[in-house]
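Computed from a predicted model, the values in this text were never measured in an experiment.
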Amino acid sequence: MQTYLRFLYEFLMQFFIGIKTIVFGIVNGVKEIFNISSYIKIINFYKDDFNGPEWVFVVIAIILLIVLVLAIFLIIFFLIKKYLRFRKTLVEQEDLLEEVATLNNEVSSLVKEKESILAMKVSHLGLKPSELDEEDDDTSNDNTSNGEEYRFPKLHSIDEAYLNYKIKNYNNNFTLPELVENFRNFAASHLKLYYKTEMIRLFISALASTKLVILQGISGTGKTSLAYAWGKFLKHDSCVASVQPSWRDRTELFGYFNEFTKKFNETEVLKEMYLAGYTDDVYTVILDEMNISRVEYYFAEMLSILEMPNKDEWIVELVSASWKNDPKNIIDGKLKIPPNMWYIGTINNDDSTFMVTDKVYDRAMPLDINDKGQVFEPKDVPAQDINYTYLDKLFQEAINDNQISQETLDKIEIMDDYVIKHFRIAFGNRIVAHMKKFVPVYVACGGEEVDGVDYFLARKVLRKFEQLNVSYIRDEIDGYIEFLDKTFGKGKMKECEEYLLRLKKLT
């Protein structure tokens, strides 16, 4: 046993000697760093051999050494400070968690106390618990039905209201030109909103080409009013979502599940989507001042979903798991985005807003509203009941019957090559696909093919020139205008040429 104890002593002593050596080594190292007398002794030893310029380098070496030492100590100081701040944050988080736990316990105690009081009241009054709940809380019907709680109370109320609903056939028989005039006259006669026929024609064509329409222009020209009037015309008021600077993700549109209350915070947009899924009517959501926050933050998922060609794949996941009493049309926590709903965003371009990126513009149809319509004497046209299936049928027939001519497509391809060569900008298949929907419907609404192509290219392609340094392309603009006149006809591409001239003035 003595042999083992001696072994253990020597074995552990070797470890502690190492620790001692490290500690004394650090202490001795620090002492040597600040051994001023040694530095002076070295300088004195060499001072007689230094000439004038060498003394300058000696001073520089001393200064560099002092800076190095100070830098080391500053680094150590900031590391310690950062650690203490981090430690303080951890302590505060722990205190906060303890406080939350304490509050949860207090809430639990209060709930138990409330249940005890309710039980006493039931016993005293001879009431059923459901009757007592109704007396104590007039809002209980928002969250419960027949004593059962729901996490989607607003959507359940829609299920109940539309329990026996049957899709209505309004027997529509209007044409697209009639739709343009009916809407224009309704807005003027009932809302005192005056729009040019061309503006309404562009608006209807935009609805046919994509589910996201962007109305842009100077303030006060009726951007929001146009989307508002469209909802009134369809007898379904547009659902207005006023975008806030704090919008950062999809929860601003759809809502979110509150783990504490076990309820889903339903937004009006979600409620409108769910309602639209029951009917064959046309619905509209207005994203008012949509670029006051970054559109690709809160609308990114919708952009991807609406891009899918198969509408059966337009599905968004609201919750990760299903409950047995979830709303009828939420399957496995997922909701199908209704095809009979459009999203109309309004934007102002000023210092308080964000620039709308190509990702958004390429998937949307922007319309410029920069002037007010002239007052005219309208016909008294009432609001209309319109089936989405009928409107979509009109769009599809227009797309099939008024396809862009091959001659125009060839000219567009030549223009694409010109833009690539002179401006290093190209437009992809997505933009061409949008154009093949927009222009035919524009023609069916009473417009000319070249005018539709002109407007579309100006808003979807030439807009990309804003990304370039205008001063570098200034000399190319006149040549491009001459190219447009030569290819499409003198003065035919008015929108494109006006845009290019405005761009040139910016330089």
Side-chain angles (χ1 to χ4, degrees), residues 1-113 115 151 246 248-251 256-263 265 294 297 300-301 317 319-323 333:
M1 191 67 180
Q2 279 185 323
T3 303
Y4 173 74
L5 292 174
R6 188 165 60 252
F7 156 77
L8 183 61
Y9 171 78
E10 293 178 1
F11 186 77
L12 294 177
M13 185 56 66
Q14 181 64 34
F15 172 78
F16 288 110
I17 288 173
I19 296 294
K20 178 181 177 183
T21 303
I22 292 172
V23 173
F24 278 95
I26 293 174
V27 173
N28 291 331
V30 174
K31 284 182 179 179
E32 289 300 324
I33 290 175
F34 292 97
N35 192 346
I36 307 299
S37 60
S38 295
Y39 293 117
I40 295 173
K41 184 178 179 181
I42 294 171
I43 293 172
N44 287 334
F45 181 79
Y46 287 99
K47 69 180 182 178
D48 294 334
D49 297 328
F50 290 149
N51 56 32
E54 289 177 331
W55 274 109
V56 174
F57 287 110
V58 170
V59 173
I60 293 174
I62 293 172
I63 293 173
L64 288 176
L65 187 61
I66 294 172
V67 171
L68 179 61
V69 172
L70 288 176
I72 292 172
F73 276 95
L74 282 174
I75 291 171
I76 295 172
F77 170 76
F78 284 118
L79 287 175
I80 294 173
K81 186 177 179 181
K82 188 173 182 180
Y83 170 76
L84 293 176
R85 189 186 297 118
F86 176 71
R87 180 62 185 167
K88 181 180 178 183
T89 303
L90 287 178
V91 171
E92 290 176 350
Q93 288 178 347
E94 290 174 357
D95 291 341
L96 184 61
L97 290 173
E98 290 179 1
E99 185 176 350
V100 170
T102 302
L103 289 173
N104 285 336
N105 290 334
E106 290 179 0
V107 169
S108 178
S109 299
L110 289 172
V111 170
K112 290 180 180 179
E113 184 177 349
E115 289 175 350
R151 58 174 172 175
S246 59
R248 290 293 180 269
D249 54 47
R250 48 164 269 175
T251 59
Y256 61 92
F257 182 68
N258 189 320
E259 290 288 352
F260 183 74
T261 62
K262 300 301 180 184
K263 295 286 190 295
N265 286 26
R294 292 194 180 278
Y297 284 176
E301 186 173 9
E317 184 176 83
V319 286
S320 58
S322 62
W323 289 7

* Can any side-chain N or O of E54 pair as donor or acceptor with the backbone N or O of N51 at less than 3.5 Å? -> yes
* Asked: What distance separates F73 CZ from I80 CD1, expressed to the nearest 0.5 Å?
  -> 10.0 Å
* Side chain to side chain, K82 and F77, heavy atoms closer than 4.5 Å -> no
* To do: Check each of I63, L70, V69 against I66 using the side-chain contact (heavy atoms from CB on, under 4.5 Å) test, and report the only one that passes.
  => L70
* **Contact summary for S322 and G333, nearest pair of heavy atoms** => CB-N, 4.1 Å
* So how far is it from K20 NZ to M13 CE, rounded to the nearest 0.5 Å? -> 9.0 Å
* **Short side-chain to backbone donor-acceptor contact, N28 and F24, under 3.5 Å** => yes
* **Partner residues of F78 under the ring pair (Phe, Tyr, Trp, His ring centres under 6.0 Å) criterion, sequence neighbours left out** => none
* Between CD1 on residue I42 and CG on residue N44, distance to nearest 0.5 Å -> 10.0 Å
* To do: Could you walk me through whether I62 and I43 pass the side-chain contact (heavy atoms from CB on, under 4.5 Å) test, one step at a time?
  => CA-CA 10 Å; I62 293 172; I43 293 172; 4.1 Å; yes
* Check: S37 and N35 side chains under 4.5 Å, non-hydrogen atoms -> yes
* Asked: Are any of the side-chain heavy atoms of R151 and V319 separated by less than 4.5 Å?
  -> yes
* Between atom NZ of K81 and atom CG of L84, what is the distance when rounded to the nearest 0.5 Å? -> 10.0 Å
* Asked: Are L79 and Y83 close enough that some pair of their side-chain heavy atoms sits under 4.5 Å apart?
  -> no
* Asked: So do Y39 and L65 actually touch side chain to side chain, heavy atoms under 4.5 Å?
  -> yes
* Is the count of non-hydrogen atoms from other residues, nucleotides or ligands lying under 6.0 Å from F257 atom CZ greater than 12? -> yes
